[in-house]
Amino acid sequence: MSPRRTETGGRIDRLRTIRFTFDGAPYTGHAGDTLASALLANGVTLFGRSFKYHRPRGLLAAGVEEPNALVTVLRGEVREPNIPATMVEIYDGLVAVSQNRTPSLAWDISAVNQLGGKILSAGFYYKTFMGPVIGPLKGTRFWMFCEHFIRRAAGLGKAGTAPDPARYERMNAFCDVLVVGSGPSGLMAAKAAADQGARVILADLEAHFGGSANWSGETIDGMPAADWAQRTVGQLEGNDNVRLLPRTTVWGYYDGNTLAALERVTDHKEVAAKGEPRQRYWAIRAGTVVLATGSFERPLVFPGNDRPGVMLAHAAERYAVEYGVLPGQRIALFTNNDSAYHSAVALKKAGAAIVAIVDVRGEVSNEMRRLASDAEAELLAGHAVVATEGGKALTGLKVQRFDAMSGALSGDERSIHADSLLMSGGWSPTIHLASQAGAKAEWNPARQAFLPPKPRQRWPNQQWIGAGAFTGSFSTAEAIAEGRAAGLRAAGGATSSAPLPVVEAAPGDPDPAPVFEIKAKGKSFVDFQHDVTAEDVRLAHREGFVSVEHLKRYTTLGMATDQGKNSNVPGLAIMAEALGKPIPEVGTTRFRPPYTAVSIGSLAAERFGDLKPERLTPMHDWHLANGARMYSAGLWYRPMIYGLAGETVEQAYVREARATRESAGIVDVSTLGKIAVQGPDAAELLDRVYTNMFSTLAVGKARYGLMLREDGLAFDDGTTWRLGEQEFLMTTTTANAGKVMQHLEYFLDVIWPELKVTVTSVTDEWAGAAIGGPNARGILASCVTGTAVDNAALPFMGIVHGWIAGVPVMICRLSFSGEMAFEVYSGSGYGTRVWEALIEAGKPFGLVTYGLEALGTMRIEKGHVTGAEIDGRTTARDLHLDWMLSKKKPFIGSAMMDREGLIGSDRLELVGVIALDNRALNGGGHIVEELDEANPHDSLGHITACCYSPALGKYIALALVRGGKARHGTRAFVSDPLRNRFGPVEIVSNHFYDPDGSRMHG
C-alpha cells in the first residue's frame, strides 16, 4: 500500500492501476484519482515553487481553486502549462512536470529570492520601471537591465511552441434552464425544472456530479448523500429534455443570458476515440440560469501558512472520503468556525490521528466539543497558530493564546508535532458568474462573506437565480430547498407540495469568527499563487493604493488563474483594517471572465486549420489549370498573376497590365459584393445610404456611389445598377460585402422600419468578368448575341442584356482600369462557360488574363481608391470625392461630415507619388520633407498602395499626405526605416494616367 492510501473508501477503482510520471519519476495511482490525489497517496508533499520567492509549496485545495500545485502536462511535443494538479485526471502514460523551478523542484536555485526581503515586496517591478539611477542605468534603462532576470525568476508555467495537433469543437446550445453546479442544490434545481417539461442543461466542472454530497458523509433520504446524488443523476439521464455536461466549466456570463463553457472531452483519456475532440467550446443561450456554484473555504493568514503540509480542511476531507488518501498521519486543525470539526471527524474515521484542534474562538459550543472528542483531538479554544516548522514538508507548528476580539497574543508558545495542518477561515460563495452578469456583491456580516444581491425585480425579469452555498445557505437541507424552488421558478412552475428529501447532518454553525489574520513574526501569505503577504497589502495602503482595484493590480492579489478564489476576502479584510473602514465600505473587485483558464485552441475550434472557410469563384479551377498563382483576398481565393516560365511577380503583372492597355485583358470579378435592393422604396433607401442621388437614375443605367459612416467618414464605394423601377443591383468592394449588408439591414430594421424594401445578398449568385482595353468592344461584339454593344446601344454606365455561348448575360459598361471596359455577369453555374467563350473570342485580339497585381497597378495609375485609402480615417474630401456629396438631400453621415476636425486644411489628402531614384516603393512608407535616416521624424503622411507603372515606366504610389493637393509638383522624401528604404520622391496628382478619361469614355 502507498504511504497515505487508506485501506478502504473513496470512489477510486482499486482494482485498476494507472501508471504515470511526474518530473520524470514513475508513480502509480488508481482509476478515478486526480494527479494531486495520486501523488499525495505516494507521499509527495512538494508540488511546486511559488511565483516570486520560489518557496516550496504543497497542495492547498482539492478542486479548481488550487493555487500552488500548477503543473504542465506533456503530450508528445505539445505542452499545456498552469493546470491545477487537482483537475488533472490520471491516465496510463500521463506525463506531468512541475513549474517555475531551476534545476529541479527539490533544489531550486531561485529560492535565494527569499533573501530579497523588502526589495521584492509589492510593486517592486513598478519601482524597477522608474529607476533607481545606478551609473548609466537611468530610468527605463535600469528596467531594461533587470527585465530579463525578473522574467526568468518570476512566473508560472512555460508556454509551448510546438503545433497543437488536437481537434477542438464549437457547439451552440439553447435551453430554457441552465443549471451551473451539480451539488445538492443544483441537482434539485435541474430535476424540478425538468419535471416541469423545461429544456435543461446541467453543467459541472468536476468529472462526477454531486458536489459536496460526494464527500460530506451526510445522509439524504435514508441513504449516503453520494448515493442519493447518483440516483438523482440517473433520473435526470432518463429525461429527453435534459443534457448533462460533466467536466464542463461555465467560465463566462455575457449579455442576453449567453454563457460560455468549456467541456474537457478527452483530456482524461490516453487516446481519444475516433472523431472525438480534445475540448469542446459551448455557447449556451438560456432562458434562465440557476447558479448553484457552491463556495470556497478560505485560508487563514498566519506566519508559515504556505508550508507544504498546510492545507484547507475541507480539501483534506475530500481527499480522504473521495480518493481514500490522508494528507498526513498526525493532523492538526486551525479554525475560526465549526466546519473544521466535521473534517476532523471524517479524517479520524479514515484512519488519521487528530492531534489538536486550534480554534481562535474562546467559546466553543457543546456540539463542537463533542465532535472534537469523537475525533480524539485536544481542543485548544482561544488559541491561534503563530508559526509552522519544517522545510519541504511540515514537521510541526506553534500555538499561542489568542483574543479574537482584540487580535492580541499572550502567554508562551507551545509546539505541536504534526505532519499536516488543516485550516478553515470560513466560506466564500462562488459569485464569479453573477459578478460577470453585473451583480454587485453585498457583504454579510454573519457569514463574513460577500453574497450575491437579493433579487430586486419581480419574476420573470430576473435572468439568474441563486441556490445553495452560492447564496450563503451552507446547510444541505437549505441547499436542497433553495434548489428545488429555483428550478421551479426558472421553469415557470408553481410551488411543489411534494416533500423535500430528508437530510441527516452533524450540527454546526456556518458563521465564522471575524478573524482573518494572526499577526506574528514571519511571512503570512494572503495570495499563495503570487506570493502576496499581509505586509504587502499594508504596504500598498501606505503607498496610497486605497482602492481595491488598485490594490489588486499593485500587489497582483487575486490575479492570473486564482481570480480571487482563495485570496480575495482575506486581502480585503486586511486592507479594510489598514484603512480603518468596515469591509463593505472598502468593497470587492469585479470578477471578470474567464473564471478559469481557457485554451486558445477551444476558442478557435473549427475555425482553425483545414476547416477554415475558403471561398472559390466559379472560374477557380480554370485559373489553376491555366497557370494562375492564387492567394487569399479576405475569404476569397483570387489569381495574383498568370506567370510565364521564369517570370517574377513584377515582370508578370507589368506584362499583363501593358497588354491590357495595348489591346485587351480580362479579370475575374465574381468576388465583388452584390446586393439586390428591391421594393417601392428602394430608390429612397439608396438616396439615404449613398452621398449622391440614385432616385433620378434611369432604368438600364448604373452610377458610381459613395457611402459614409454615421460619423462622416468614408465607408465603401461601388456601382449600383438600376434594373427596373423598383429593382437595383448594388455592388460593393470584396472586403466590405458583409459589412455593407449589415449596414443596410441595421438601418432598415432599426432606423427606417417604415421603408418597404428588401435587401438580399446575391454575391454567390452571379459570376463576373471584367474585360477592358482598346479592343474590348470588338471582342464583345464578336461573341455577344441578342444586343448591340456599340456606343449608341451601350454608352458609358449603360446596361444591356444579351447572350454569350447560349448563356444569358448582363453587361454594364464601366471601368476600374481606366480603359474602355465592360463587366459581364452571368449565373454562377455558367461562369466558366462564359469566361471561356470570352477567352476564345479574344484570341484574335491578343486578349490576356490578368490577376489582382495587374488590376491594382492599373487602378493606381488611374488614381481609383480602394480599402487601402478608405481606411476608416478618410473623408470624401480627403479622397477628392467631394463632388459626390449631394446638397439636395440628407444622407447617412451628412450631419457629421462637416465637423471642424474633418474639414481642416492640415488633413491627409490623396496624392500621387513618383520615385525619383527609380527604386520600388513600399506600402506604409512615410513621406517627409527632410530626410534623417538616423532619426526619422515629422511624417507628412504615408504610402497606401504602390507598383511599377508600365504606362509611365516609373515606380509610383498613391499616398495620403498632409495638405496634399497644395503640394502637387513639389519634392519630398520617402522614409521607411523598417525596410531601410530612403529616397527622393515627387508629389503629383493621383491621376497618373489618362486624367481626362478619354480612353475610358472612348
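- For the pair T266/P277, no side-chain contact is recorded, criterion being any heavy-atom separation below 4.5 Å from C-beta on.
- Side-chain contact between V64 and T249 is absent, with no heavy-atom pair separated by less than 4.5 Å.
- For A340 against L333, the heavy-atom pair with the smallest separation is O-CD2, 3.4 Å.
- Here the side chain of D531 pairs a donor or acceptor atom with the backbone of Y53 at under 3.5 angstrom.
- Distance alone, capped at 3.5 Å, places no donor-acceptor pair between the S602 side chain and the Y281 backbone.
- Side chain of S185 to backbone of A479: no donor-acceptor contact under 3.5 angstrom is found.
- Side-chain contact check for I109 versus P103: some heavy-atom pair is nearer than 4.5 Å.
- Atom OG1 of T248 and atom CZ of R243 lie 10.5 Å apart (nearest 0.5 Å).
- Qualifying side-chain contact (heavy atoms from CB on, under 4.5 Å) partners for D23, counting only residues two or more places apart in sequence or in other chains: V97, S98, R101, L105.
- Pairing each heavy atom of I90 with each of G29, the nearest pair is CD1-CA, 3.9 Å.
- Contact of the E263 side chain with the M171 side chain is not registered, since no non-hydrogen atoms from C-beta on lie closer than 4.5 Å.
- Shortest non-hydrogen contact noted between I354 and A344 is CG1-O, 3.7 Å.
- Side-chain atoms of F22 and N42, non-hydrogen and from C-beta on, never get closer than 4.5 Å to each other.
- W427 and F474 have tilted rings, their planes meeting at an angle from 30° to 60° on a 0 to 90° scale.
- Scored by the salt bridge (charged side-chain N to carboxylate O under 4.0 Å, His left out) test, R79 finds no partners at all (sequence neighbours excluded).
- Formation of a donor-acceptor pair under 3.5 Å by the Q230 side chain with backbone atoms of F209 is found in this model.
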**Request:** Take L421 and R307 through the side chain to side chain contact (heavy atoms under 4.5 Å, CB included) test and state the conclusion after the steps.
**Result:** CA-CA 9 Å; L421 173 61; R307 197 176 305 280; over 6 Å; no

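- For the atom pair OG of S182 and CG of L244, the computed distance is 9.0 Å after rounding to the nearest 0.5 Å.
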**Message:** Using side-chain hydrogen bond (donor to acceptor under 3.5 Å, both in side chains), reason through N568 and R298 one step at a time and then give a plain yes or no.
**Reply:** CA-CA 9 Å; N568 197 46; R298 296 192 296 255; over 6 Å; no

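- In this structure, the separation between CG on L94 and CD1 on I18 is 10.0 Å, given to the nearest 0.5 Å.
- Between F20 and Y27, the two ring planes are parallel [angle under 30°; tilted spans 30° to 60°].
- If you run side chain to side chain donor-acceptor pair (under 3.5 Å) between R247 and each of E206, E89, Q279, only E89 comes through.
- R4 contributes no side-chain N or O that, together with a main-chain N or O of V44, makes up a donor-acceptor pair within less than 3.5 Å.
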**Request:** Take N305 and F528 through the test side chain to side chain contact (heavy atoms under 4.5 Å, CB included) and record every step on the way to the result.
**Result:** CA-CA 9 Å; N305 64 340; F528 295 83; 3.6 Å; yes

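- Rounding to the nearest 0.5 Å places CZ of R49 at 9.5 Å from CG of N100.
- Classified by interplanar angle (parallel below 30°, tilted 30° to 60°, perpendicular above 60°), the ring pair W251/Y254 is perpendicular.
- With a 4.5 Å cut-off on side-chain heavy atoms, R75 and D164 do not count as touching.
- Listed here is the closest heavy atom pair of P56 and P308: O-CD, 3.4 Å.
- With hydrogens and angles ignored, the 3.5 Å screen pairs a side-chain donor or acceptor of T232 with a backbone N or O of W228.
- Here the two rings, on H268 and Y91, have centers that are 6.0 Å apart or farther.
- Taking the salt bridge (charged side-chain N to carboxylate O under 4.0 Å, His left out) definition, one finds that D527 meets it with nothing, sequence neighbours left out.
- Across every non-hydrogen atom of S428 and A449, the tightest pair is CA-CB, 4.4 Å.
- Distance check: T589 OG1 to F450 CZ gives 9.0 Å after rounding to the nearest 0.5 Å.
- With rounding to the nearest 0.5 Å, the separation of CG in L245 from CD1 in I284 is 6.0 Å.
- No side-chain donor from either of R318 and N214 sits under 3.5 Å from a side-chain acceptor of the other.
- Under the salt bridge (charged side-chain N to carboxylate O under 4.0 Å, His left out) rule, D33 has a single partner from R5, R11, R16, which is R5.
- Cation-pi geometry between K565 and Y595 is satisfied (NZ or CZ under 6.0 Å from the ring centre, within 45° of the ring normal).
- Contact record, L422 with A313: CB-CA, 3.8 Å, taken as the closest heavy-atom pair.
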**Message:** As a quick check of understanding, evaluate side chain to side chain contact (heavy atoms under 4.5 Å, CB included) for V88 and T34, giving each step before the final call.
**Reply:** CA-CA 5 Å; V88 177; T34 64; 5.9 Å; no

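- Here the side chains of T72 and K158 are not in contact, with every heavy-atom distance at 4.5 Å or above.
- At least one donor-acceptor pair under 3.5 Å links the side chain of T533 to the backbone N or O of D536.
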**Item:** Verdict with reasoning, F525 to S50, per side chain to side chain contact (heavy atoms under 4.5 Å, CB included)
**Value:** CA-CA 11 Å; F525 287 88; S50 68; over 6 Å; no

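- Using a distance-only test at 3.5 Å, with no hydrogens or angles considered, a donor-acceptor pair links the side chain of T86 to the main chain of G63.
- Looking only at distances, a side-chain donor or acceptor of Q436 sits under 3.5 Å from a matching main-chain atom of Y253.
- For the pair T388/D306, no side-chain contact is recorded, criterion being any heavy-atom separation below 4.5 Å from C-beta on.
- Using cut-offs of 30° and 60° for the angle between ring planes, the F334 and F302 rings count as perpendicular.
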